[in-house]
Peer 1: 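So that we are looking at the same thing, I have put the structure below in C-alpha cells.
Counting convention: from 1, in listed order, for ligands and their atoms alike.
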Amino acid sequence: HVKWRGKNGYQYYEASMNAMFHKKLSMENELRRAIEKKQIMLHYQPQVDVETRKIIGLEALARWHHPELGIISPTEFIPLAEETGLIFSLSEMLLGEACKQMQLWEAAGLLNFRLALNVSPQLVEEESFVSKTLSYIQSHHLKPEFFEIEITENLLVRDLENTVAKLKALGKHGIRIALDDFGTCYSSLSYLRQFPIHNIKIDKSFVGDINTHDESVPIITAISGIAKGFKLDLIAEGVETLQQMKTLHKMGCNIMQGYLFSKPLPAQNITTLLKRQANLFHKNGEPDDALI
Ligand code: C2E
Ligand code: MG
Ligand code: MG
Ligand code: MG
C-alpha cells in the first residue's frame, strides 16, 4: 500500500513503523528489567476432581506486576519473551519460584497435588532443558512426580524426534506431560502414537461454546474418546458455569479447571484453600462446598 498512498502516505507508514519499533524495543527493555527485579511472578489455578471435589493439581500462570501499568497478561509478554530470547531467563526464574513454593507447601504438609508448568517450544528445544528442569526440582528436594509440563501441539510440528526423546527422558523421572489447548492447532493425530503424553487439556474455546454451539459437543466427545483410547487423563480448562461442568462430566471428563472453581490466585491464597481442604477432609472425610 506504499505506492497507493503516495509520498505522504509512505512517510506516514515509515513513521508508524518507527514508533512500533521503538515501542517494542522499550517493552523488551522493560521486560528484561522486570525479570531482573522479579516483577514477574506466578499465580496458581486449582484443577479439581469434580467427583471427590479435591484439588488434585495446580497450574502455574505467569503475571507481570508492572509498577505503572498494573498486571500485564502473559498473552502479551510471553510472545515478546519468546521473540527476544528473554524466555530462557524468565522461565528459569519462574521454575525457581515454583520449586521454592512447592517446598513451602511440602513443609506445611499440604503437598498432595501436582504442579503444572507451561513451557515454550524454544525452551524444550534448548540443549539442557531436561537436565536443567530436573536439577531445579532435585536441588529443592522435591519429587519429579509432583510436576507436570504443559506443551502445545505447535512444538510437535517443529522437531518431533528431538522432542519425543526429551519428553520421554522427563517421563522416565516421573514428570508428566500434558498437551495444552488440544484441538486448536493444525496438526495431525498421528503423533499421538509415538508421543509420550499423560494428559490432554480440552481448550477453553470448546468448553465456552459447549452449551451454546452444538458443534463443540461432538468435538469434545471425540477428544474424550481419544483420551480413553490412549488411556490418557482428560482435563477441561475454562469451566465457568455449573451447566458446563455437568455437560463435561456427562461426556466423561472429571478433572476441571476454571473460574467456576477458582481464578488463578497468588500462592498465599492457594495455601488458604489447601489448608481448608485438608481440614475438611480430615474432620469428616467429606468436603463442604469449598470449591463447587
Ligand atoms: P494456558 O496455559 O492455556 O492457560 C489457561 C488460560 O486460561 C490462563 O490464561 C487462565 O488464566 C485462563 N483461564 C482459566 N480459567 C478460565 C475461565 O474459566 N475462563 C476464562 N475465560 N479463562 C480462564 P492466562 O493466565 O492469561 O495465560 C495465557 C497463556 O499464557 C497460557 O495459556 C499459557 O499458554 C501462557 N503462559 C502463562 N504462563 C506461562 C509461563 O510461565 N510460561 C509460558 N511459556 N507460557 C505461559
Ligand atoms: Mg496451560
Ligand atoms: Mg490451555
Ligand atoms: Mg493457551
Peer 1: Is it the case that the side chains of N199 and E148 hold a donor-acceptor pair, with the cut-off being a distance below 3.5 Å and no angle test?
Peer 2: yes
Peer 1: Salt bridge check, K201 against E59: does any charged N sit closer than 4.0 Å to a carboxylate O?
Peer 2: yes
Peer 1: The Mg ion (ligand 3) is nearest to which N, O or S atom of D180?
Peer 2: OD1
Peer 1: Check this for me - ligand 1, G258, N or O atoms closer than 3.5 angstrom, yes or no?
Peer 2: no
Peer 1: May I ask you to decide whether R176 forms a salt bridge with D233, counting only side-chain N to carboxylate O separations under 4.0 Å?
Peer 2: yes
Peer 1: Determine which of the N, O or S atoms in E237 is closest to the Mg ion (ligand 3) and give its atom name.
Peer 2: OE2
Peer 1: OD1 (N118) to the Mg ion (ligand 2) to OE2 (E59): angle, nearest 10 degrees?
Peer 2: 90°
Peer 1: If I consider every N, O or S atom in E150, which one ends up closest to the Mg ion (ligand 2)? I only need its name.
Peer 2: OE1
Peer 1: Where's the contact between S120 and ligand 1, heavy-atom distance under 4.0 Å: side chain, backbone, both or neither?
Peer 2: both
Peer 1: List in chain and number order the residues that pass ring pair (Phe, Tyr, Trp, His ring centres under 6.0 Å) with Y136, two or more places apart in sequence or in another chain; answer none if no residue qualifies.
Peer 2: none
Peer 1: Just going by heavy-atom distances, which of P46, P74, S73, A98 is nearest to atom 35 (C) of ligand 1?
Peer 2: P74
Peer 1: Tell me, please, which residues at least two apart from P196 pass side chain to side chain contact (heavy atoms under 4.5 Å, CB included).
Peer 2: V164, L167, K168
Peer 1: Under the 3.5 angstrom rule, does the side chain of H198 hit a backbone N or O of I177 as a donor-acceptor pair?
Peer 2: yes
Peer 1: Are any of the N/O atoms in Y259 less than 3.5 Å from those in ligand 1?
Peer 2: yes
Peer 1: Does Q45 have a heavy atom less than 4.0 Å from any atom of ligand 1?
Peer 2: yes
Peer 1: Could you identify the N, O or S atom of D181 positioned closest to the Mg ion (ligand 3)?
Peer 2: OD1
Peer 1: Give the contacting part of L260 toward ligand 1: side chain, backbone, both or neither, where contact means a heavy-atom distance below 4.0 Å.
Peer 2: neither
Peer 1: Going by distance only, is there an N or O of Q257 that falls short of 3.5 Å from an N or O of ligand 1?
Peer 2: no
Peer 1: Could you tell me whether K143 sits above the aromatic face of F146, with NZ or CZ closer than 6.0 angstrom to the six-membered ring centre and within 45 degrees of the axis?
Peer 2: no
Peer 1: Could you please spell out the steps behind the salt bridge (Lys or Arg N to Asp or Glu O under 4.0 Å) verdict for E28 and R32?
Peer 2: CA-CA 6 Å; E28 180 183 343; R32 181 172 292 112; 3.3 Å; yes
